[in-house]
Amino acid sequence: MKFILINGARRSGKTTFAHMLRDVLRKDGTLVSVIGFSYHLKRFVHGIYLGRQGFSMDVDAFDAVKEEPQELLGGMSWRQAYIHYSEKVIKPLHGPEWFGNMLVVRAHETGSDVVVVPDSGFRAEAERV
């Protein structure tokens, strides 16, 4: 399995590029998945605020409004909620490499030849991959 990690400024088109790259690589029959380090974080946060249904939702379903304050989140945006739980809950409890560990587990579950990661931003996560 190979990994392609993408890093860039917020709103720079990393996810769009990851899906374009996936589509190009698939043309030769390569099994390709796009999985973010944030995959498990988003499921966790959605589950807290949306209940059990939040765990099964498309993890990117809120991207169009992730910057907008949400009443459900006490005025935080989805992005702010993700950051809060990442930095104040998950990393202090499980260590900075947790997201990298979980990405590797998820990647192996897909059976893909290549995994494109559109949200690489922390060294500890990337080193685990």
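- Here the NZ atom belonging to Lys42 is positioned 8.5 Å from the CZ atom belonging to Arg79, to the nearest 0.5 angstrom.
- Between Val114 and Leu21 the shortest side-chain heavy-atom distance does not fall below 4.5 Å.
- Judged by distance alone, the side chain of Ser38 and the main-chain N or O of Leu41 form no donor-acceptor pair under 3.5 Å.
- Here the closest heavy-atom approach between residue Leu31 and residue Gly111 is recorded as CD1-O, 3.8 Å.
- Taking hydrophobic clusters as Ile, Leu, Val, Met, Phe, Trp and Tyr residues chained together by side-chain heavy-atom distances below 4.5 Å, Val117 does not share a cluster with Val32.
- Placement of Ile83 and Tyr49 in two distinct hydrophobic clusters is found when ILVMFWY residues are connected by side-chain heavy-atom separations under 4.5 Å, directly or transitively.
- Taking CZ of Arg106 as the start and OH of Tyr39 as the end, the distance is 4.0 Å to the nearest 0.5 Å.
- In this structure, the side chain of Glu68 does not engage the main chain of Val65 through any donor-acceptor pair within 3.5 Å.
- In this structure, Ile35 is not a member of the same hydrophobic cluster as Phe17, with clusters built from ILVMFWY side-chain heavy atoms closer than 4.5 Å.
- Atom CG of Asn7 is separated from atom OG of Ser12 by 8.5 Å, given to the nearest 0.5 angstrom.
- In summary, of the residues considered (Arg128, His40, Lys91), a side-chain contact (heavy atoms from CB on, under 4.5 Å) with Trp98 occurs for His40 alone.
- Both Ile48 and Met102 belong to a common hydrophobic cluster when Ile, Leu, Val, Met, Phe, Trp and Tyr are linked at side-chain heavy-atom distances under 4.5 angstrom.
- The minimum heavy-atom distance linking Ala126 with Phe37 is given by the pair N-CZ, 4.0 Å.
- Aromatic pair Phe122/Phe99: centroids not less than 6.0 angstrom apart.
- Ring geometry, Trp78 versus His46: the interplanar angle exceeds 60°, so the pair is classed perpendicular (tilted spans 30 to 60°).
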Notebook entry, point to check: Could you go step by step and tell me if Met1 and His108 meet the side chain to side chain contact (heavy atoms under 4.5 Å, CB included) rule?
Noted result: CA-CA 8 Å; Met1 179 178 297; His108 283 289; 3.9 Å; yes

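- Looking at Thr110, its side chain does come within 3.5 Å of a backbone N or O of Ser112 through a donor-acceptor pair.
- Atom CZ of Arg123 is surrounded by 12 or fewer heavy atoms from other residues, nucleotides or ligands within 6.0 Å.
- Note that NZ of Lys88 is 13.0 Å distant from CG of Leu93, once rounded to the nearest 0.5 Å.
- Residue Glu71 places its CD atom among 12 or fewer non-hydrogen atoms of other residues, nucleotides or ligands, all under 6.0 Å distant.
- A salt bridge is defined here as a Lys NZ or Arg NE, NH1 or NH2 lying under 4.0 Å from an Asp or Glu carboxylate O, and Glu67 with Arg11 fails to meet this definition.
- Residues Val129 and Leu103 are in side-chain contact: their nearest non-hydrogen atoms beyond the backbone lie under 4.5 Å apart.
- Between Asp119 and Gly36, the shortest heavy-atom contact is OD1-CA, 3.2 Å.
- Among all heavy-atom pairs drawn from Pro118 and Ala18, the shortest one is CB-CB, 3.7 Å.
- A single hydrophobic cluster is seen to contain both Val89 and Met76, as judged by linkage of ILVMFWY side chains at heavy-atom distances under 4.5 Å, directly or through other members.
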